[in-house]
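Structure first, commentary second.
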Amino acid sequence: MKHFSFGHRLPQFLAKRLFGDRRRFGLIVQQDDPCWREWTEEVYMRFYEATQKQEKTIGRTVNDAGYRILKSIDFSGKRILEIGPRSLPHWEFFRTRPAFYTLADIQQQMLDLSSEKLTNAEVPHAAVLLKGNQGHRLPFEDNEFDVILSFYSLEHLYPLEPYIGEMVRCLKPAGILAGAIPNEGGLGWGLGRFLTTRRWLHKNTNVNPDKLICWEHPNFAETILSCLDSHLNRQTLEYYPLRVP
């Protein structure tokens with residue numbers, strides 16, 4: 001199936017405002033860039049709390065729409081890996097309990113938060129801190145997991161192809177990869193961010209959104225879906241909020 005987004009194909013002077021100035025700043029993070037350092041060291045957790053974690057925010061509503069897929073999966077007796085669990089805000093959507101839950105993230109603070117939630121729920125688990133120097137390689141065995149979850153993380157992984165290959169390697173032959181992604185590259189998504197996140201950054205930080213969007217979300221949704229389709233057999237795909245692309 002061919003996936004296609006209209007938004008990022010607008011003329012450059014419009015597209016760069018909605019999806020970052022990719023021609024100028026590229027897709028590879030510049031670790032020593034002042035904007036990136038401010039974002040990762042000072043701003044990210046404050047942004048997450050303000051726009052996605054609190055009740056009745058647009059970010060929380062959109063994220064919860066993606067988490068609904070969890071209600072349809074039977075996790076009973078399964079070994080689960082989640083890539084980028086954040087604070088595990090979707091735990092309430094689980095209807096069954098896994099046998100073992102492995103958390104993997106690049107941020108220790110997020111691992112601490114998600115581990116605490118699983119400890120309180122008395123779910124056996126392990127937390128694995130992913131390090132940049134290991135590249136795309138995941139520190140897990142072949143065919144180790146029944147289910148891999150990835151909510152709002154695939155848009156961050158660049159280049160994407162080897163990461164998807166690693167997830168497939170870690171899945172059992174009949175395993176499931178489930179999750180959600182933002183409609184990065186879509187006109188509605190770009191306009192929504194222009195009116196919310198971009199304003200928040202200008203008001204509360206010195207971070208240049210034209211850089212940050214490129215480096216935080218290098219992958220468009222159409223790229224992610226095409227990559228998944230090339231590695232896995234699709235079982236279901238839903239769109240939000242209109243149920244159509």
Side-chain angles (χ1 to χ4, degrees), residues 3 5 7 18 43-76 78 80-98 101-107 109-121 123 125 147-157 167 176-201 213 216-217 219-222 224-225 228 234-245:
H3 303 282
S5 297
L18 303 183
V43 175
Y44 175 76
M45 285 304 299
R46 185 156 49 99
F47 170 82
Y48 178 63
E49 291 284 341
T51 64
Q52 299 186 49
K53 192 174 180 181
Q54 296 181 19
E55 297 286 347
K56 298 181 179 180
T57 62
I58 294 175
R60 177 67 179 271
T61 300
V62 172
N63 285 351
D64 284 355
Y67 298 146
R68 288 199 299 259
I69 187 66
L70 293 169
K71 295 180 179 181
S72 64
I73 302 175
D74 183 5
F75 294 100
S76 303
K78 301 291 198 305
I80 311 301
L81 168 65
E82 180 157 6
I83 307 292
R86 297 190 288 178
S87 61
L88 218 63
H90 43 287
W91 178 247
E92 64 190 78
F93 290 86
F94 281 73
R95 293 293 177 260
T96 50
R97 293 165 59 88
Y101 206 125
T102 300
L103 306 160
D105 205 302
I106 61 172
Q107 296 187 353
Q109 187 173 2
M110 291 302 187
L111 288 175
D112 293 341
L113 291 171
S114 51
S115 292
E116 181 181 6
K117 188 165 290 187
L118 291 178
T119 297
N120 293 337
V123 175
H125 64 279
V147 181
I148 294 180
L149 300 177
S150 177
F151 288 97
Y152 312 112
S153 62
L154 298 182
E155 65 273 15
H156 300 284
L157 304 177
M167 293 180 196
I176 297 172
L177 173 61
I181 60 172
N183 188 22
E184 187 60 73
L187 183 58
W189 181 267
L191 287 172
R193 177 171 50 206
F194 184 84
L195 296 173
T196 57
T197 303
R198 193 179 188 96
R199 286 182 174 180
W200 189 93
L201 288 170
I213 295 169
E216 268 286 286
H217 285 194
N219 303 316
F220 290 131
E222 63 191 67
I224 298 171
L225 293 175
L228 290 171
R234 187 196 304 175
Q235 294 188 19
T236 183
L237 176 63
E238 294 184 3
Y239 297 91
Y240 174 86
L242 300 178
R243 305 293 182 181
V244 294

Decide yes or no on side-chain contact (heavy atoms from CB on, under 4.5 Å) for Tyr44 and Gln109, but give the supporting numbers first. CA-CA 11 Å; Tyr44 175 76; Gln109 187 173 2; over 6 Å; no
From Met167 CE over to Leu157 CG, what is the distance, rounded to the nearest 0.5 angstrom? 5.5 Å
Heavy atoms, side chains only, cut-off 4.5 Å: are Glu82 and Leu88 in contact? yes
Is the CG atom of Leu187 crowded by more than 12 outside heavy atoms at less than 6.0 Å? yes
Write down the atom of Gly66, the atom of Ala180, and the distance for their closest heavy-atom approach. CA-CB, 3.7 Å
Hey, are the side chains of Glu92 and Lys117 touching, using non-hydrogen atoms and a 4.5 Å cut-off? no
Please find the pair of heavy atoms, one from Leu237 and one from Arg234, that lie closest to each other, and give the distance. CD2-NH1, 3.6 Å
Asp64/Arg60 ion pair, N-O < 4.0 Å: yes
If we only count heavy atoms from C-beta on, is the Ile213 to Arg193 side-chain gap below 4.5 Å? yes
Where do Ser114 and Pro85 come nearest, in terms of heavy atoms and distance? OG-CG, 3.8 Å
Determine the minimum heavy-atom distance between His125 and Thr119, stating which atoms define it. CE1-OG1, 3.1 Å
For the pair Tyr67 and Tyr152, name the ring-plane relationship: parallel under 30°, tilted 30 to 60°, perpendicular over 60°. perpendicular
Side-chain touch Leu103/Leu118, heavy atoms, less than 4.5 angstrom: yes
Could you state the interatomic distance from CD1 (Ile148) to CD1 (Ile176), rounded to the nearest 0.5 Å? 11.0 Å
More than 12 heavy atoms of other groups within 6.0 Å of Arg199 CZ: no
Rounded to the nearest 0.5 Å, what separation is found between the CZ atom of Phe47 and the OG1 atom of Thr197? 4.0 Å
Classify the ring geometry between His217 and His156 as parallel (under 30°), tilted (30 to 60°) or perpendicular (over 60°). perpendicular
Please report the interatomic distance CD1(Ile181) to CG(Leu154), rounded to the nearest 0.5 Å. 7.0 Å
Ser76 side, atom OG; Arg97 side, atom CZ - distance, nearest 0.5 Å: 10.0 Å
Does the side chain of Tyr239 reach to within under 4.5 Å of the side chain of Asn183, using non-hydrogen atoms? no
Please find the pair of heavy atoms, one from Asp74 and one from Lys78, that lie closest to each other, and give the distance. O-NZ, 3.5 Å
Rounded to the nearest 0.5 Å, how far does CD of Gln235 lie from OG of Ser72? 9.5 Å
Arg86 vs Leu113 side-chain heavy atoms within contact, under 4.5 Å: no
Between Pro98 and Trp91, which heavy-atom pair has the shortest distance, and what is it? CD-CH2, 4.2 Å
Can you tell if the side chain of Phe151 reaches within under 4.5 Å of the side chain of Ile69, non-hydrogen atoms only? yes
A side-chain contact here means heavy atoms from C-beta on lying under 4.5 Å apart; do Phe220 and Ser5 qualify? no
